Each structure stands twice: as C-alpha cells, then as structure tokens.
Amino acid sequence: MGQGKSQFTEEELQDYEDLTYFTKKEVLFAHQKFKALAPEKVGHNKNAKLPMVKILQYPELKVNPFRDRICKVFSSSNDGDCTFEDFLDMMSVFSEMAPKAVKAEHAFRIFDFDGDDMIGVSDLREVIERLCGPDLKLSDSDIQQLVQNVLEEADLDDDGALSFAEFEHIIDKSSDFCHSFRIRL
Amino acid sequence: MSGGNASKNKARSSKKQEGWEEAGGEFYQELYPGGEQELFENLQRTDAAKLATLLPSKQARNTTTVKRARSQNDRRQSTFARTTQSHDIHLSMLPDLSENLSNEERTWEEIMQIKAMPVPMNQKRELKAKLQNATKLRLQGLEQFHWRQRKVWHRFRIRLGELLTKLELWQSAMREIEGKFGTGVVSYFLFLRWLLFLNIIISLFIILFLILPKTLLVEEYVPCDVTVTNSTECCSFAYLQKNLTDTNIFLDVLQGTGFMERTILFYGVYTNQIYRYYLKNFFEAEMFYNMPMAYILVPISWALLSLVAIVKTAAKGFKERLVENEGQFYKFCNLVFGGWDFCIHNDKSAKIKHKALFNEIKGCLEEERFKEEKLSRSRESQILLHLKRLFINILVFTILIFSGFLIYLTFNYSLDMLNTLSGNSETVVENRTHVRIFGMYRGGNNEGWFDQLHIMFFEFLPFICIVLLNLFVPEMFSYLIKFENYVPARVIIITLLRTVLLRLSSLGVLLSQIYMYVTENGQVCSYKNEDSTKLECWETYVGQQLYKLLLTDFAVQFLMTFFVNLPRAFIARHTSNKCLKLVGEQEFYLPKHVLDIVYIQTIIWMGSFFCPFLPIIGTIFYFLVFYIKKFTCLRNCIPSPVVYKASKSKSLFMSVLLLGFVISIAPVAYSIAEVLPSINCGPYRDFKTVWNFVVDTFEGFPFFVREVIFLLGTSTFAVPAFAVLLFFLYYYWAVATANRHMVAVLKNQLVLEGHDKQFLLNRLSAFIRHHQKRCERPNRASFADDDSSIRQSSR
C-alpha cells in the first residue's frame, strides 16, 4: 500500500473519505484496483481517464449486462470514460454502506436507457432482454406480457412508464434489490 | 394510458435530456413576472408533448439533483433542500446577525450529506470547499464540546467499522462464493457463520460457569459410610473409584468411553457439592460456588439465548417477508429490477445466472398462465392430479415409517449382537463391571484388534444407519416430487419439510430407544454392583450416544465430500459422455445443505445438558464444516438453475432452525422434569428429578419473593394477564387491518389522481396544439373544430 499512499496527499484522502462511503484505506484499495486496470497510465497520472473498454475489464463489470450504462451514468464526461474519481463514485454507490435511496437513484439512471427521466416500455424491454443475456431470447409475446405485468404492478398513475417516484416505491418494497445491487470492493 | 402513451413515445423519440431543463427553466423564469398572457405564450412555445415533464411531481428529483449540483449562492436552498427543513425554521427565529450564517456543526453535517448526491466527484469537492470556506459561526462552550464529541464518535465508528471488517471471518471466501453463486447461496454461508457464533457464545457460557469451576476448584472428600451401603456417597464413590483398564485410546476417544467418560466432557463427573474456596488476596470470607445450581442455570440461559437469537433474526427476516408479501404484486418488478446480482464476476456464472433468470421469468409467466388455466382446467385432470399427489404423499409417509422401523431394528440388532459378543468372551468379573450392553467391551489385552473393531462396528451401526438414510431418502423425495406439479417455490418448501421430518423422526426413534433402555436399566447403585448390563450413569450414556452421532454425522459429511462427490465432479468435468455427466454433475441444492447444519445444531442442543462439551466440539465442527461446504460449493458443484432469493431463504433457515430447537429442547426438558437422575454421578445425585432441585432452591428464597412468584402462577394473576394480552393482540390486529384498508384506499386514490392528471394533460396539450395551429392560420379556426379535436385526443 506504500505505493498507493505516495500518490495521494492526506488532504485528498480526507476529501475522498468525506465524499464517499469509504474509509481512507478503502479508497487506497479502490485505487489499487483501478490501477490494475491500466498500470502504466494510472502510474503516471493517478486520476487518468480510462476509456470505457478498459473500465469494463473490471471483473464485476465485465459480465454485468448493464455495464455500458453503468459507465455512462458514472462518467463525468457522459461518454462512458471514467477517471479514478468516477470509478470511486461508482464503487461508493455500489458499496454496502450506501443507503437504499442513493442506490435507487443511480439504478434508475442506469435503467433509463433513453434518458428521458422515465422508465418506459422500451427501457423495460431493454432491461429484460439484457437480463436474459445474449444467447437466450424470450419470445416477443412473453416480453410483452412481462412488461405489462411490471407496469401493472408499479405504474400507479397509469401513464405507461415508471417515474422516479414510482421506481423508488418499488425499490422500497423490494428486499432483494439491496442484496443484489452491490459490488464488494 | 392510451393518450399518454402516444405523447410519451413522441417525447422519447425527440431525445431530449436537456429538453425539460430548458423548458422548465424558461417556464419558471418567465412564469413569475408576467400574468396569464405570458404564461399562455410560454405554453405555446413549449412542445405540447413535453408537458408531462413540467409537472412538479416529475421534477422533484431533478430539481433537487440539479439544484444541488449547481450549488448556487444560496447554499441553504441548494444543498439542504431535502434534508434540513426543520433547521431552517429554527434558524429563521434566530437574531439577524446569524441568519445567513451557519455554525460549524451544521456545516459539518452538510458536508456529510454531500456523499449522497448523484454528481461527479469534482463537483462534490467544489461543494465541500465552498461549504468549508463560507463564513460560519464558531460554536461556543457546551455546543462546541458536543460537536467535538460527535465528530470524535463519528471517526471512532468509522475506525471500528474498519477494524470489524478486517476481523470479519471468511470475508474473501464469501466474496468468492458470491461471485460464483450469487447472494442466495452466500446467505447460506452467512447462516453457517451465524451458527458458529451462536455456538461460540454457548461454549463461553459453559467454559466460564461449568468447566473452569470444575477444573479449578477442589472437591471436598466425603467418606463412604459403610454401614449405609446404599447412600449416595457410597454409590458415587464406588462409581468414581472403578478402575478403568483401557486398551485403546483411539477407540475411546471416538466413543467417549473409557477414560473419556471420567473427563469434563460428560455429565457424570460434575459434583453435587457446593464448592468452598478462599481468595486470600481479595476477601477474607469464605466463598461458595453452587455447582448443581450452575449446572441447571447454564442450560436454561443458553436455551433462552438461542431462542432470543433465533426469534430476533427470524423477526427481521419476517418483517422483510411481510413487506414483500404485501407486495406480492411486486413479484415481477422484483424480478426485473433486482434480478441481476451485481456482484457476479465470473463468466460462467454470469451465463448460468442469465439462464436462471430466463427460467425464472418463464416460470413466473407460466405460473400466471397456470393460474388462469387452473380455472379452466377440466375436472378430470384436476382429480387426477390430486390423486397423484395423495398417492405420493402416502408413499412418502410409508418411506418415513419404514425408515423409522429400520432404525429401530438396527438398534435392537446391534444391542443383541453386542450382548452375545460380550457374553461369549470369558473375562474376569471385576472387569466385566464395565461391559455395558451398548458400551465398549474392554475385556482384557488378549482381545484382538479385530474383535474390537467388530464391536465398534456394532456400536456405530445405528448411527451409520441413520446417516445413510439421511443421505438416500431425500434423493428419493426429490425424485418423487417431480410428479406432483407444484410451483417451484412450493417444491423447495415441501421437500425441505419432508426431509426435516425424516431427520427428526429418525432422531426421535433413536431417543425413544435410548429412553426405554435407560428406564429399564438406568437406576443402580455402583456399590458392590456386579451386574454389567446395568447403566451406572445414564446421563453420561445419553451424552455418549449423542456425541457418537455428532461424530458420525461429521465423518460422513467429510467422506461424502472428498471421497464421493469430488470424484463425481472430476468425472463430470473431464468427460463428454452424457451418461457419465449425469452421474457426476451436482448442483448446489440449498435445502439439503441447510438441513445438514441445522441437524448438527439440533444434536448439540439435545446433547449439551448431558455432555457439556458438545457445543465446544460443535464450534470446531462448524468451523471445519464451513470449509467442507465451501469446497462442495466451489469445487464440486455447478450453480443451481433455481434462483435462490437471499431475502426469502434467510427466514426459511430460521424457521427450520426454530423447529429443530423446539424438537431438541422438548426431550431434554422432559428428562429434567420427570426422569430420576442416576444415583452414582452428576450434580443431582440426591434428587428425585432435576427439577426438584430447582424447587428446593426456590423453597430457600425469602418469603416475600416466594409469595410473589407463587402469585404469578395462580389464576388470580394469570387470567387477567391473559385477558390483557388478548386485548392488546386484538388492538394491534385491528390497527393492522385498518392500516391495510387505508393503504388500499390511498393506492386507489393515487391511481385515480393519476388518471385525472393524464386526462387534464391531454386536454391541455390538445388545447395548446390547437392554439398553435390557430395562430398559424388565424382565419380558418373554428371553435366547433377545437372542441372535437380536444375530445378526440383526450380519449
């Protein structure tokens, strides 16, 4: 960890500790992980911006069906490329300490593919297709049925899409969400 | 929905992340200065389809987010919009000077809030810097002190958390399992760890209050009065003085006989005396330690402790279940939004997870259809299905009875065999005092290894039988259940229930056999006792049996994992032959593994009154079992195609454990309350039952205390208390019902409001569209036209 320590000043670490759900040690650990993605680049510049392809080398992200969305949501330049700080933000939200509300907020943005601040029918379809993976395809009528069911359950105001309030409401009641929406550092 | 959908789609196609922002900004900025005319013009300029995004309810999140992100001059509004409204109110009452300033404590609180904001790090940092640099009041005196304290406490908590995570047992192992098998399986391992901790605590109790006093304090020697040969002193003296000629330490350790019998492992050696001792450096007075009292209080306290721990953990899970059950309608949402385990980091597991989710979705849809179909299913097929289920249930029942009978047979068979074996051997009479029917025969050195093994085989035969039944019968059950057409969630519960029934009933048969044996042969004084068939200390005997059962169970788990399942997995991995693959492939079938560890715990609870050392052995076993199970999970098994939900499985585990607890405590409680303790050994030599000791102690209490406790037991107290409890129960039930009703009403209202909103929005957008059209072609507008178009679009 001596290597990592030399790259950050004490103030920076204090900032990170205050602004994320991590302790200083965990921040350093996160940086190690980040560095492992591109040792050369990060070695020169601790806050280097890594292209999305590199970020997606991270094991949990590599197999995640929503990987590109996650990167886009957390990327400060909105194109999926992440600096270390973006990466730290990401891990902080996915950490165990982050409260449900914060997780829900980001989950909403991840699932909102077209960025219209509503999870509409097309978003739901995309989510379902990604969940089933590239090899398995649900039939169109099945997806239709499922989307219908989800909307029936959650779409309280009947406008054919889930607003954030509605989404948060579901998340509150879903005990699995907190268990599953988590990446251990 | 229909009208809203159309406009929504349109809105979506015109990709506009910033769209609402601009529109909203303009809307708000220009709303205030002008009058109605301006609003109207403003509305004209906005896209009719985007109207919905202008609604305050839709903006709640965005405004807070963006406001915070921009962090404008008025800090209080920007950062604290959501969290500290109450503070604002307080603040407005303060004198002018401080109105725009906040104190250090609040600034600090605000900084702590920043981390919850969904904005990039550099913005957060700016925000923090701004907050820190802003002028603020310094806290004075006590407040300053309080704040300091809070800060220190906060920092301390962080450090403590860090330390705890470092100390957390098996963290990396959990991570690995989680990555491969998902959160459902990890919850099983967490359960295992929970059991380990429970056992550590029970062990601590026992070590502190039983084992340490026993080893440290010195017993008083009470001479045997030869004139009264049947006295307790003489009997126990004779029992403890009996010479134990041991031939094989290894076998003794396995069976808890021989020298092991006289160790702190078993009930027999604990004394019935009140220890007297001096701690010279601390007190002058003599001090006492009441061993019998400790021996009854310790089991009671660990039983209560276990019960509280189970109930508390179960209640937590139960609450989650309740919320979920209330949202039984949220099944699909749960599946779609909480389906993916973000912690999965392995390619293969990801593929399997995809597949599992695919199956789950299919299953859920199927179930939905199944429900609809059920109504329309023909009467004949329904009857057929019910007949099939009935038949299979009868079959399962038969299997259960049969296995119970088998255990009974083997138990008796091994008793007979041991009898004849020990009967045949000619040995000296003194040594025969130690030949017990079910005990190890220790005739002399001339007995060969073979004979000893032979006897040992018969000693272990009933346990081997039980464990083998536990291995194979569940396989049968899981095969049979396929014919019953239950929904997947039901399948797990029913198999679990049947397997629990098997395990516990086999345990029950064993216990009843032991009980019958003990009541027949249990009570004899060791003094001048030549009859080798009599048990001299039946509590120790029971302890030995459970000790052996625990050992057997552990050994079988070990052997099965490394010598049966490992080769199977090896075959599965290195063959392309379908048939062989079928033999070799194993799924991590959660209910079975849950039962394995609950079973161990049941034995521990059952045995630790008779064999106080059992929880300590259990702790060690659990520690090892974790590695065995981890090996099974990671090396031998492939992820199961069934999706295990973490939240559901937790409460399931706890309810199974609770069942095990009740079943294991009941016989122990019975033996404490009813069965005559043996005269030769143990803390309760003189008493008719163990409970009698408690009653005697109670008699020694001061009069007042006795009266009060006695009153609690009478009907004058019990009936009113019961009535009050019932009343409370009714009250809470009524409140719950009312709340449920209220939830339904509110939800309906929400839906209605939603409809109203949609309706109004549609009217508005149609109106605006129309107005725009009319502005373009003012001459051709006609009101009649307006009205019809509005109506159409709002439909």
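This one's a predicted model, so the numbers in the text were calculated from it and none came from an experiment. Just so it is clear: chains get the letters A, B, ... in the order the sequence lines come, proteins before strands, and each one is counted from 1.
Taking Ile110(A), Val102(A), Leu19(A) one by one and counting their heavy-atom pairs under 4.5 Å with chain B, the maximum is reached by Leu19(A). Taking chain B as the reference chain and counting heavy-atom pairs below 4.5 Å, the highest number among Ser139(A), Cys132(A), Ser92(A) is found for Cys132(A). Chain B forms more heavy-atom pairs under 4.5 Å with one residue of Ser75(A), Pro59(A), Pro99(A) than with any other, namely Pro59(A). Between chain B and the options Leu146(A), Asp86(A), Leu162(A), the largest number of non-hydrogen pairs under 4.5 Å is found for Leu146(A). Note: Asp142(A) leads Ile70(A), Asp142(A), Ile183(A) in heavy-atom pairs under 4.5 Å with chain B.
Ring pair Phe337(B)/Phe181(A): centre-to-centre distance not below 6.0 Å.
By the 6.0 Å contact criterion, NZ on Lys49(A) is enclosed, its count of non-hydrogen atoms from other residues, nucleotides or ligands being greater than 12. Taking a 6.0 Å sphere around NZ of Lys100(A), one finds it holds more than 12 heavy atoms contributed by other residues, nucleotides or ligands. Residue Lys24(A) qualifies as enclosed at atom NZ: its count of foreign heavy atoms under 6.0 Å is above 12. Atom CZ of Arg159(B) is surrounded by more than 12 heavy atoms from other residues, nucleotides or ligands within 6.0 Å.
In this structure, the portions of Lys124(B) lying under 4.5 Å from any heavy atom of chain A include both its backbone and its side chain. With a threshold of 4.5 angstrom between heavy atoms, Ile361(B) approaches chain A through side-chain atoms but not through N, CA, C or O. The contact between Val127(A) and chain B is made entirely by side chain atoms (from C-beta outward), counting heavy-atom distances below 4.5 Å. Neither the backbone nor the side chain of Phe74(A) has a heavy atom closer than 4.5 Å to any heavy atom of chain B. If you measure heavy-atom distances from Glu17(A) to chain B, the contacts under 4.5 Å come from both the backbone and the side chain. Neither the backbone nor the side chain of Leu61(A) comes within less than 4.5 Å of any heavy atom in chain B.
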Practice item. Given side chain to side chain contact (heavy atoms under 4.5 Å, CB included), test Lys103(A) with Phe342(B) step by step and report yes or no. Key: CA-CA 12 Å; Lys103(A) 283 178 187 263; Phe342(B) 280 65; over 6 Å; no

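Separation of atoms CD (Gln144(A)) and CG (Leu365(B)) is listed at 11.5 Å; rounding is to 0.5 Å. Taking CG of Leu750(B) as the reference point, atom CD of Glu166(A) lies at 8.0 Å (rounded to 0.5 Å).
Looking only at side-chain heavy atoms (C-beta outward), Val150(A) and Cys333(B) come within less than 4.5 Å of each other. Side-chain contact between Trp340(B) and Pro65(A) is present, with at least one heavy-atom pair separated by less than 4.5 Å. No side-chain heavy atom of Leu131(A) sits less than 4.5 Å from a side-chain heavy atom of His354(B).
The only option from Ile128(A), Asn149(A), Ile170(A), Ile119(A) that meets the side-chain contact (heavy atoms from CB on, under 4.5 Å) definition with Val336(B) turns out to be Ile128(A).
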